[in-house]
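Numbers here are sequence positions counted from 1. Here the structure is a predicted model, which is why all the values come from computation and not from measurement. Note that these values count all heavy atoms, side chains included, but never hydrogens, waters or copies made by symmetry.
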Amino acid sequence: MIFRDAVRQDLPAIIALLTDEEGVTDPAGVRVDEAYGRAFEAVDGDARNEMLVLDEGDGTVLGYLQLTYIPGLGRHGQERALLEGVRVRADRRGDGLGRRLIGEAVERGRRRGCTLVQLTSDKRRAGAHAFYASLGFVRSHDGFKLGL
C-alpha cells in the first residue's frame, strides 16, 4: 500500500467513499459532474490543501482525506492542519488503514511546521470518535455550523 496525492482519475472512488460510509460503492457507477470537477481543481490548485489517498498499490483507493493548512494569529502565529473528509472503505475498516492514513497526515503537518492537527466529526459517528480518541485526539471544542 502507498500514500499518494489524489489525481483527477481518483474522483469516482473518492466520491464513493464520501457518499457511502456504510457500504462499498463501485466507483465505476459514480457520476462525476462539473461541480465535483471544479471542486477537485480548486483544492488541487491551492498550495494550502492536499488530498491524500491510500492506494492498495494497484490504483484501488482504500482511504482518503483532505488536509488543509490554516495560518492564523492564534497559537503565536503557527499554522494548524485541518483534516476533512476522512474515510476508509467500509470493507477494510479494522485493518489499521485509518491509523496509517491519519498518521501520514499528522506527519505531513509536522513536517510543514504545524503545531496542531484538528478535525470535526458528525456527532452520530460514535465509532469514529472512539477511533480518533485512540489516536490521541482530544475533545476540546464544540463546533457550530450555519448552512447557507
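Salt-bridge annotation for E56 and R89: absent, with no side-chain N of the basic residue lying under 4.0 Å from a carboxylate O of the acidic one. The pair R100-D55 fails the salt-bridge criterion, with no side-chain N (NZ, NE, NH1 or NH2) lying under 4.0 Å from an Asp/Glu carboxylate O. Residues R93 and D95 are not paired through a salt bridge, judged by the lack of any N-O separation under 4.0 Å between the basic side chain and the carboxylate. At a threshold of 4.0 Å, the pair E41-R38 does not count as salt-bridged, since none of the basic side-chain nitrogens sits closer than that to a carboxylate oxygen.
Legend: salt bridge (charged side-chain N to carboxylate O under 4.0 Å, His left out) pairs involving residues 125-140, not counting sequence neighbours, sorted by first then second residue: E21-R125. Under the side-chain hydrogen bond (donor to acceptor under 3.5 Å, both in side chains) criterion, the residue pairs touching residues 65-75 are N49-Q66, N49-T68, E50-Y69, Q66-T68, R75-T115, with sequence neighbours excluded.
Contact between I102 and Y132 at its shortest, heavy atoms only, is CD1-CE2, 4.2 Å. Contact detail for L18 and G85: the closest heavy-atom pair is CD2-O, 3.7 Å.
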Salt bridge (Lys or Arg N to Asp or Glu O under 4.0 Å), that's the test. Do R8 and D10 meet it? Break it down for me.
CA-CA 5 Å; R8 180 82 183 233; D10 294 323; over 6 Å; no
Give the C-alpha distance, both sets of side-chain angles, the deciding distance and a yes or no for side chain to side chain contact (heavy atoms under 4.5 Å, CB included) between R108 and L52.
CA-CA 10 Å; R108 287 180 182 214; L52 181 61; 3.3 Å; yes
Working for side chain to side chain contact (heavy atoms under 4.5 Å, CB included), residues I15 and Y36
CA-CA 9 Å; I15 294 165; Y36 282 126; 3.4 Å; yes
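Rounding to the nearest 0.5 Å gives a distance of 4.5 Å between NZ of K145 and OG1 of T120.
Applying the salt bridge (charged side-chain N to carboxylate O under 4.0 Å, His left out) rule to E79 yields the partners R48, R112; only residues at least two apart in sequence or on another chain are considered.
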